[in-house]
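Since the structure comes first, as structure tokens, the remarks are kept for the end.
Just so it is clear, the values below take in all heavy atoms, side chains as well, and ignore hydrogens, waters and symmetry mates. A note on names: the letters A, B, ... follow the listed sequences, proteins ahead of strands, and every chain is numbered from 1. Quantities reported herein were computed from a predicted structural model and do not represent experimental measurements.
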Amino acid sequence: LLTPDERDTVYTRIYRRLIALYPPAFRERFGESMEPTFLDLLAERSVLRMYSETAAGVVKEHAFQLRQKSFMNDVITQPRTAAVLGVFLALPVTLIFLIAVFNIEPINGFLKNLFATENERMHILGLIVLLISIFLLPVACIFNVAAIGRSLRAGNGVMAHPANLMLTIGLLALIVTLAVGFVVDRYPCWMGVPNCD
Amino acid sequence: MSMTERAPLTPAVFHILLALATSERHGYGIMKQVDADSRGKVSMGAGTLYGSLKRMLDSGLVAESDKRVDPEMDDQRRIYYRITDAGRDALGAELERYNHLVALTQKLKLHPKPLAYAG
């Protein structure tokens with residue numbers, strides 16, 4: 001059996017290990033002063049309770065640090081960041097769309113080759129580029145809707161961030177246009193019309 | 001901004017400010033005072049205490065005190081904390097908010113019996 005002093009030393013050693021799990025900045029600032037507090041509390045509380053409280057604190061501090069650094073959080077909380085990111089995310093589809101509509105050569109020729117179908121199947125690279133480009137649209141839309149939603153909850157009007165609003169409307173219009181275009185294009189095939197492509 | 005327009009404090013921050021309002025204290029001292037102030041109803045863990053202290057130091061509600069204990073008498077590693085003027089303002093605003101709520105509940109006769117904390 002351990003003497004009280006030996007027991008405290010073992011408990012303190014384990015506690016130090018727990019403190020070592022805190023983010024470095026926190027550990028450097030509070031680590032040393034947490035130990036005497038732990039020793040004082042050892043007489044009043046169960047060691048398991050203190051370990052679990054400290055472990056919860058470790059998780060909380062890491063989560064707090066992540067939230068502080070989180071780019072996603074910044075995107076959602078800062079309407080301007082969401083708008084800028086939204087523009088960048090919508091750029092690939094917009095460029096593909098504009099190049100196709102205005103027949104801008106030689107890029108249009110390159111894109112036609114990329115997205116060309118052979119035996120009703122698109123080249124894998126073209127398919128990946130197309131799917132990623134299209135997937136980025138709703139992502140951009142969600143960022144901006146979230147930014148507007150947050151602004152509304154903070155008590156601002158719907159026109160408080162016009163750039164986000166315009167971008168969201170534009171993105172929704174683009175998504176609807178693409179979806180309707182896709183359905184109109186594929187509908188004959190779904191109906192079993194031969195040589196529908 | 002008036003005092004009442006501040007965002008409400010979290011229970012941990014409120015109790016730490018209250019504990020430091022009368023004296024400079026170290027971590028364990030704060031815990032003991034919180035326990036006494038709340039009549040044992042709030043038992044703060046070290047993780048919560050130091051996490052809250054970090055955020056309160058960052059936001060200027062508390063500051064590290066110059067007070068150091070006699071190394072013969074106590075552990076030199078202890079850090080004492082003191083409430084700042086911003087901390088007193090925040091505590092005052094929170095107490096004002098509580099007073100307003102108590103007055104409101106009395107007006108609405110929502111607590112006919114004396115409050116558990118009263119007296």
Side-chain angles (χ1 to χ4, degrees), chain A residues 5 8-9 11-70 73 77 150 153-156, chain B residues 1 5-7 10-13 15-16 19-20 24-36 38-82:
Chain A
D5 278 353
D8 286 1
T9 310
Y11 288 162
T12 309
R13 212 174 290 159
I14 297 171
Y15 190 67
R16 274 187 207 142
R17 293 273 162 88
L18 266 178
I19 290 177
L21 298 175
Y22 270 101
F26 187 97
R27 200 171 58 226
E28 279 160 27
R29 199 169 182 183
F30 298 102
E32 260 201 358
S33 62
M34 283 175 85
E35 207 177 294
T37 307
F38 169 79
L39 290 169
D40 285 330
L41 288 170
L42 208 50
E44 302 169 10
R45 297 182 185 178
S46 84
V47 73
L48 281 180
R49 179 182 164 190
M50 281 193 287
Y51 286 160
S52 58
E53 282 169 354
T54 310
V58 168
V59 173
K60 217 186 284 179
E61 282 312 311
H62 278 287
F64 184 77
Q65 207 174 43
L66 275 177
R67 269 207 310 275
Q68 292 284 91
K69 286 181 180 173
S70 173
N73 192 42
T77 52
R150 216 175 163 91
R153 280 201 302 279
N156 298 318
Chain B
M1 189 194 281
E5 283 171 347
R6 285 173 184 275
T10 64
V13 170
H15 278 286
I16 293 169
L20 293 175
E24 296 178 358
R25 296 178 202 279
H26 51 64
Y28 179 66
I30 294 172
M31 283 175 162
K32 294 298 285 178
Q33 192 57 43
V34 169
D35 191 59
S38 67
R39 298 183 185 177
K41 286 188 168 64
V42 177
S43 177
M44 209 175 268
T48 305
L49 173 74
Y50 285 97
S52 302
L53 278 174
K54 178 183 178 289
R55 281 174 269 291
M56 291 166 80
L57 284 163
D58 290 344
S59 57
L61 296 177
V62 297
E64 282 184 19
S65 163
D66 297 330
K67 183 176 169 181
R68 288 290 178 269
V69 290
D70 182 351
E72 300 271 312
M73 300 283 290
D74 204 350
D75 198 321
Q76 256 189 315
R77 293 172 299 176
R78 289 190 195 284
I79 296 174
Y80 281 72
Y81 300 93
R82 63 175 176 80

With rounding to the nearest 0.5 Å, note down the distance linking [atom1] in [X] to [atom2] in [Y].
{"X": "A:Arg45", "Y": "A:Ser52", "atom1": "CZ", "atom2": "OG", "value": "10.5 Å"}
{"X": "B:Glu24", "Y": "B:Asp66", "atom1": "CD", "atom2": "CG", "value": "8.0 Å"}
{"X": "B:Arg25", "Y": "B:Tyr80", "atom1": "CZ", "atom2": "OH", "value": "10.0 Å"}
{"X": "B:Arg55", "Y": "B:Leu61", "atom1": "CZ", "atom2": "CG", "value": "12.0 Å"}

Less than 4.5 Å to any heavy atom of chain A: does that hold for the side chain of B:Met31, its backbone, both, or neither?
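The side chain, not the backbone.
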Look at B:Met44, B:Lys32, B:Arg77, B:Lys54 and state which one has the largest set of heavy-atom pairs under 4.5 Å with chain A.
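Heavy-atom pair counts peak at B:Arg77.
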Using a cut-off of under 4.5 Å for heavy-atom pairs, which of [options] has the most such pairs with chain B?
{"options": "A:Ala56, A:Pro36, A:Ala25", "answer": "A:Pro36"}
{"options": "A:Leu41, A:Leu39, A:Val58", "answer": "A:Leu41"}
{"options": "A:Lys60, A:Met50, A:Glu35", "answer": "A:Glu35"}

Closest approach of A:Arg29 to B:Asp58 (non-hydrogen atoms, all atoms of both residues)
NH1-OD1, 3.0 Å
Chain B contact residues among residues 16-24 of chain A, heavy-atom distance under 4.5 Å:
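When heavy atoms of chain B are the reference, residues 16-24 of chain A contributes A:Tyr22 within the under-4.5 Å range.
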Where on A:Tyr51 is there a heavy atom nearer than 4.5 Å to chain B: the side chain, the backbone, both, or neither?
neither
Against chain B, label A:Glu32 side chain, backbone, both or neither, depending on which of its atoms sit under 4.5 Å from a heavy atom there.
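Interface part for A:Glu32: both.
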The criterion is side-chain contact (heavy atoms from CB on, under 4.5 Å); which residues satisfy it with A:Asp40, sequence neighbours excluded?
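Result, side-chain contact (heavy atoms from CB on, under 4.5 Å) vs A:Asp40: B:Tyr28, B:Arg78.
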Donor-acceptor pair, A:Tyr15 side chain versus A:Thr54 backbone, under 3.5 Å?
no
Measure from the ring center of A:Phe30 to the ring center of A:Phe26 and say whether it is less than 6.0 Å.
yes
Side-chain contact, heavy-atom cut-off 4.5 Å: B:Ser43 with A:Arg49?
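B:Ser43 reaches A:Arg49 side chain to side chain.
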